[in-house]
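This report concerns only the one structure given below.
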Amino acid sequence: MNDNALSTANGTSRLTLGGLAQRLVQDGLLDELAMQDALAKSKEKRISLVTHLVAANLATARDIAISASNEFGVPLLDLDAVAADLDAVRIVSEKLMHKHRVLPLMKRGKRLFLAVADPTNLHALDEIRFQTSMSIEFVVVEDDKLQLAVSKAIEQVDVAMPGLGEDDFDLENLEVTGGDDEADPEALGRDDVEDAPIVRFVNKILLDAIKKGASDIHFEPYEKLFRIRTRIDGVLKEVALPPVQLAVKIVARLKVMSRLDIAERRVPQDGRIKMRLSKNRAIDFRVSTCPTLFGEKVVTRILDPSSAMLGIDALGYEPAQREIYLRYLAKPQGMILVTGPTGSGKTVSLYTGLNILNTEDCNISTAEDPAEINLPGINQVNVNNKVGLTFAAALRAFLRQDPDVIMVGEIRDLETAEIAIKAAQTGHLVLSTLHTNDAPQTLTRLVDMGVKPYAIATSVSLIIAQRLARKLCSNCKQPIDVPVEALRQEGFEESDITMGFRIFKAVGCSQCTDGYKGRMGLYQVMPVTESIGRIIMQGGGAIDINDEATKAGIWNLRRSGLNKVKDGVTSLEEVNSVTIE
């Protein structure tokens, strides 16, 4: 600091107050001894005096800004009332803004106006003057607001696209590989998709989505805008609006990364991206393109192999449900079906089971469209209908490969269903998925597909229906009072209500999204017992099967959700949004 000099008196080293430090003492913010100590500590930590005073709660950022404005005769600005000009922000490197905690506000000709909290930091002004070759003028702002404003401005610059900082070389050089399909060597070298800012921008969007725990990223072209949204905890949120002129380049970059044909824009394409974050961790993206009125929409599904390694305890099964799932996984034969809508976590449930079965003495083969999670020790096959490698063809091949466990990504037709059922009847454990609303409807869906009722009754052993519900943020959730009659109408049992349990609601804080953080599963785990098998054989419907399951004490999805509400894990509103009464 240039306004404080070292002096020596009676052999002891002492800091002489001057400039802003002296003004703060004169204004009564600190006494002289406290200021001496603050100066020494700020020098020891190599941070500015202002930053130290605010961090140590020795003075408020507002009071310091007022004193600094009066001392140096410069304007005092409230950052909440102004927005930085992004063109001005791009002039100064991100590294310098963070290092010196300054924010470019605007430029006028050759003059650059900076927001600073510590006007005595002349070294910062000199560095920025040297880097920009512009004359610098500054205004004083509050230190705590400045830190937030700098981070926000840098994020806005990244989203707005035109120029990421020169220090972002990691974004440009991330190790990215595509799928198995051969790429066009000429396409990979085209200038329009190898533009460095486009490469950095796309990599940043992918990395930010991983960091925030997103499951999908949507790149959506419209007539007058290009929108990017991410799905976090099941809810889509807009994260960027790049210039619409860049839509073609961004989509082309994604297609190159996933080894797709960038010249083909008339038909949907599917590909895959692998992004290596470190030596021990890589994230896969499943990429799907679809032609729309104003260009190709691209959706990438984020596939984190570590999700299959969480273990069954982390998925949200109730203890009794978990015990049933593990018991049927241990059986040498039969069929386990997982049902639910797209994005309800069916694949994670199946792979959690496969991970349990993945031992040296077990031969596991899977047929998927496409394989979402790579697990060493499991033989995974990607279905390719174009060359005749259908689910049914893959299943026939598996049965000649001495299998113990077979996983079929989805039963879509009668042929696949019949082969899977025959495999389950001849000493193999078969796992697969179906798209139905609950467990009882799964059995009637198989009948509708044309599978003989006796084949279903003798092969299907367990059905798991599931949904994903958002978990309440433990930091901000608040209890609410709900009338007893309203609880009865929602479906709570009398034994629950008399316990005096509390229901919590979502609030929202800096650590969550709208009061929720993460998701967990709601499950209906229904073994196909002899009595249920008899109903199927007699031509009974989903209602008859559901009544029998209820008599046996099997919770439906609604009951599982209400139990999570009772435990304070999620809110009643969230359960109402993913289940029906």
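Any value given below was found using the heavy atoms of this structure, including those in side chains, with hydrogens, waters and symmetry copies removed.
For the residue pair L146 and L79, the shortest heavy atom distance occurs at CA-CD1, 3.6 Å. Closest approach of G345 to L468, counting heavy atoms only: N-CD1, 4.0 Å. Minimum heavy-atom separation, G533 to V528: N-CG1, 4.4 Å. What you find for T339 and H435 is that their closest heavy atoms are OG1-C, 4.0 Å. Heavy atoms only, all atoms of each residue included: D514 and A506 are closest at O-CB, 3.7 Å. Counting all heavy atoms, side chain and backbone alike, S344 lies closest to Q466 at O-NE2, 2.8 Å.
Looking at heavy atoms from C-beta onward, M335 lies out of side-chain contact with S432 at the 4.5 angstrom threshold. A 4.5 Å side-chain heavy-atom check between V140 and L77 finds every atom pair outside the cut-off.
If you check the side chains of Y325 and S349, you find no donor sitting under 3.5 Å from an acceptor. For the 3.5 Å distance criterion, the side chains of T416 and D413 qualify, holding a donor opposite an acceptor. A donor-acceptor contact under 3.5 angstrom links the side chains of N576 and R558, judged on distance only. Under 3.5 Å, the side chains of E548 and S531 contain a donor-acceptor pair of N or O atoms. In summary, the side chains of E318 and N563 do present a donor paired with an acceptor at a separation below 3.5 Å, with no hydrogens or angles considered. Defined by atom type and a distance below 3.5 Å, a donor-acceptor pair is missing between the side-chain atoms of Q333 and S459.
A side-chain contact (heavy atoms from CB on, under 4.5 Å) with I228 holds for exactly one of V239, V298, L241, D208; it is V239. Of the options D404, I406, I364, I336, a side-chain contact (heavy atoms from CB on, under 4.5 Å) to L429 is made by I336 and by none of the others. For the side-chain contact (heavy atoms from CB on, under 4.5 Å) criterion with R62, the lone passing option out of D143, L76, D144 is L76.
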>> Show, in sequence, the C-alpha distance, side-chain angles and deciding distance for R301 and D216, and conclude whether the salt bridge (charged side-chain N to carboxylate O under 4.0 Å, His left out) test is met.
In response: CA-CA 4 Å; R301 168 68 58 87; D216 302 87; 2.5 Å; yes

> Run the side-chain contact (heavy atoms from CB on, under 4.5 Å) check on V299 and V287 step by step: do they pass?
Replying inline: CA-CA 6 Å; V299 177; V287 182; over 6 Å; no

>> Apply salt bridge (charged side-chain N to carboxylate O under 4.0 Å, His left out) to residues D369 and R412 and explain how you reach the verdict.
In response: CA-CA 11 Å; D369 185 20; R412 297 175 179 172; 3.2 Å; yes

>> Run E573 and K505 through salt bridge (charged side-chain N to carboxylate O under 4.0 Å, His left out) and show every step you take.
In response: CA-CA 8 Å; E573 292 80 6; K505 68 174 182 178; over 6 Å; no

>> Please evaluate residues E493 and R559 with respect to the criterion salt bridge (charged side-chain N to carboxylate O under 4.0 Å, His left out), reporting the C-alpha separation (whole Å), side-chain torsions for both, the decisive distance (0.1 Å), and the verdict.
In response: CA-CA 9 Å; E493 297 179 354; R559 186 69 189 89; 3.3 Å; yes

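The backbone N or O of F285 lies less than 3.5 Å from no partner atom in the side chain of T300, so there is not a single donor-acceptor pair. S571 places a side-chain N or O within 3.5 Å of a backbone atom of E574 that can act as its donor or acceptor partner. In this structure a side-chain-to-backbone donor-acceptor pair under 3.5 Å is missing from S258 to I273. A donor-acceptor pair under 3.5 Å is absent between the side-chain atoms of S67 and the main chain of I64, judged by distance alone.
Going from atom OG of S560 over to atom CE of M520 covers 10.0 Å, rounded to the nearest 0.5 Å. Remark: N546 CG to I532 CD1 distance equals 9.5 Å, nearest 0.5 Å.
Under the 4.0 Å criterion applied to side-chain N and carboxylate O atoms, D233 and K517 are not assigned as salt-bridge partners. Remark: K551 does not engage D547 in a salt bridge, criterion side-chain N to carboxylate O under 4.0 Å.
The environment of I356 atom CD1 is dense: over 12 non-hydrogen atoms of other residues, nucleotides or ligands sit within 6.0 angstrom. For E238, the CD atom counts as densely surrounded, since its 6.0 Å shell holds more than 12 non-hydrogen atoms of other residues, nucleotides or ligands.
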